[in-house]
Amino acid sequence: MTKSITSTSRRRFLGGVGAAAGVAAATSSVPTRFAIGQQAKIKVGILLPYTGTFAALGHNITDAMKLAINQAGGKLGGREIEYIAVDSEADPAKATANTNKLVVGSKVDVITGPVHSGVAAAMVKITREEETLTVISNAGAGAATGEMCAPNIFHTSFTNWQPAFPCGSVVLKDGHKRVVMMYWKYAAGFEFAGGFRDSFVPGGGTVMKEIQVDFPNVEFQAHLTEIAALKPDAVYVFFAGGGAAKFVKDYHAAGIKIPLYGSGFLTDGVLQAQGEAAVGIKTTLHYANDLDNPANKKFRADFKAATNRDADVYAVQGYDTGTFLVQAYAAVNGDTGAKKQIIAAMEKATIDSPRGKFTFSKAHNPIQNIYLRQVKAPGQEVFLGVAHEALADPAKGCKMA
Ligand code: PHB
C-alpha cells in the first residue's frame, strides 16, 4: 500500500521548491524560471479508472485528451509533455494516496480526471491546498466547484446537477406525475436525484420512493421487483459504465414496461451492449452523438480513426480537456510558473466542442446546453431537442461565483 504523505510534509516540500525559484528570480534579470521551464517537459497527471465498472470511461477520456493535444502538435505551449497516469480504480478509499502519488510524488504541473465524484472530493481537498492546477474531466461532484471551489479548480465536464435538472420537466411534459428513482448511493447519485427533484417536484410531480444501491453493486433484481409493485408512471435512474449496461438489460429482462428515464450516462458508451433492451429510453445530457455541428462530425471521425471505437460523452470531455490545456498553455508560452495567467486564460476560454461551443461560469463550470435524446432502435440513439439552453450550475457555496 502507498504510504500517505501528510499535508505538512507536502507543504514543506512544495514550499522549498517555491522558495528556491523565488531566490533565482530575484537575483537575476534573466527570466530563469521560464528558461528552465522551457527545457523540462510539462507533467500532465491523469487520475482515471482503468479497471472496474468505469474502466471504459477512463480509456475514452484519456485517448481523446491525447488526441486533441496531438492534433495541436503534441505539445503544450511549445513544450514536450510527460503524461503520468494512475489507475484510480474509481475507489474513493484510495483517492488520497493516488492523488498524492501525482501531486507530491511526481510533482505534476496539472492533474486531470477523475470519473467518480468520491475520488474527486479527495483529489480536490489536496489540490486546493497545494494549488495544483486541476481540470476535472468527468466527475460531476458539485462541491468541487461549489463549496470547495478555488481559482485552480475547473470542470471541463459538467456538474451532476446539470444533466439531471432538465429531466424532471421532460418527465412531467410526457405526462408522468409519480416517479420512482434509483441510483448508486454516493455523492453523484444524491446529486442526480437532487437535480431531478429541483424541477420535478415544483412542477407538480411526486417522488414515490428513492432506491439506493451501494456502489459499484449491480444486484438489481430485488429492487426491480419492488418497482414493478409500486407501479410508478416513470422511473428515473443514475447508473453509468458497466453498471448502466447491466441495469438496462435487467430492467428489460424483468418485463417492466414502465417508461425509463435517466441521465445520458445510462446509455452513453454502453448502447451497443444494451441492444434491444434500451429501446425507448429517454435521457438528458450535455452531448448527443448526432449533434449537427462541424466540430462533432470531425471529432467522431477522428476518434474512430485513432482508436477504432465510437466516441461518446466521455471521449468528448477528454477531447475538450485536451483543447482546454492547449489553449491555456499557449497563452503563457508553456510557462508553468505563470499560474495566474494560466487561470485567467482558462476563465476566458471558449471551447469549440463537439457538444457545441461553451464558456465557463465564475465558479469554473461549463455553461452548456443539455440535450434530450431517445433510443429509437437497438444501438441507435437520436437527438430530440434542446432540453435546456446554456445551463449554468448554481454553484451553491462557491465564494467566487
Ligand atoms: C460521478 O461519480 O460523478 C460520475 C460517474 C460516472 C458518470 C457520471 C458521473 O458517468
Side-chain angles (χ1 to χ4, degrees), residues 47-62 64 88-95 98 112-124 134-146 148 153-165 167 182-196 212-218 236-248 262-271 273-274 281 283-288 311-318 320-321 355 365-366 368 370-371 373 381 393:
L47 181 60
L48 283 168
Y50 300 114
T51 51
T53 201
F54 289 159
L57 288 59
H59 286 293
N60 273 10
I61 295 169
T62 306
S88 70
E89 302 171 49
D91 186 348
K94 296 180 181 162
N98 282 335
T112 66
V115 162
H116 187 289
S117 277
V119 174
M123 178 171 111
V124 159
T134 304
V135 183
I136 302 175
S137 48
N138 184 73
T145 44
M148 294 288 285
I153 297 166
F154 288 80
H155 265 124
T156 45
S157 49
F158 59 95
T159 64
N160 292 319
W161 183 89
Q162 278 183 311
F165 176 69
C167 204
M182 187 164 160
Y183 50 83
W184 271 318
K185 189 180 176 182
Y186 76 98
F190 302 140
E191 290 175 359
F192 275 101
F196 180 88
Q212 301 172 343
V213 184
D214 286 335
F215 177 85
N217 281 1
V218 290
Y236 177 80
V237 301
F238 165 67
F239 294 107
K246 174 139 191 320
F247 176 82
V248 167
S263 84
F265 302 114
L266 187 61
T267 53
D268 251 70
V270 286
L271 194 61
Q274 290 165 339
I281 296 175
T283 59
T284 48
L285 198 66
H286 49 289
Y287 181 63
D312 56 15
V313 69
Y314 307 106
V316 170
Q317 293 167 179
D320 292 346
T321 299
R355 68 183 101 166
N365 285 308
Q368 55 192 340
I370 304 297
Y371 306 106
R373 313 108 48 92
E381 188 168 47
D393 180 83

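First listed ligand is number 1; within each ligand, the first listed atom is number 1.
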Peer 1: Going by atom types alone, do T156 and T321 pair a side-chain donor with an acceptor below 3.5 Å?
Peer 2: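 Short answer, yes.
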
Peer 1: Is there any protein N/O under 3.5 Å from an N/O of ligand 1, and what does the full list of such pairs look like?
Peer 2:
residue: ligand 1; atom: 2 (O); partner: V115; partner atom: O; Å: 3.4
residue: ligand 1; atom: 2 (O); partner: S117; partner atom: N; Å: 2.8
residue: ligand 1; atom: 2 (O); partner: Y186; partner atom: OH; Å: 2.6
residue: ligand 1; atom: 3 (O); partner: S117; partner atom: OG; Å: 2.6
residue: ligand 1; atom: 3 (O); partner: G140; partner atom: N; Å: 3.0
residue: ligand 1; atom: 10 (O); partner: Y314; partner atom: OH; Å: 2.7

Peer 1: Should the pair F238 and W184 be assigned to parallel (<30°), tilted (30 to 60°) or perpendicular (>60°) ring geometry?
Peer 2: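 If you compare the ring of F238 with that of W184, the planes turn out perpendicular.
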
Peer 1: Establish, from distance only, whether the side-chain atoms of D393 and T145 form a donor-acceptor pair under 3.5 Å.
Peer 2: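 No, T145 and D393 have no side-chain donor paired with an acceptor closer than 3.5 Å.
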
Peer 1: Got a second to check how far Q212's CD is from F190's CZ, nearest 0.5 Å?
Peer 2: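 So the CD of Q212 and the CZ of F190 are separated by 5.0 Å.
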
Peer 1: Does the side chain of F247 come within less than 4.5 Å of V213's, by heavy atoms?
Peer 2: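 Contact flag for V213/F247 side chains = no.
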
Peer 1: Specify the closest pair of heavy atoms between P163 and F265, including all atoms of both residues, with the distance to one decimal.
Peer 2: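 Taking every non-hydrogen atom into account, CG-CE1, 4.3 Å.
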
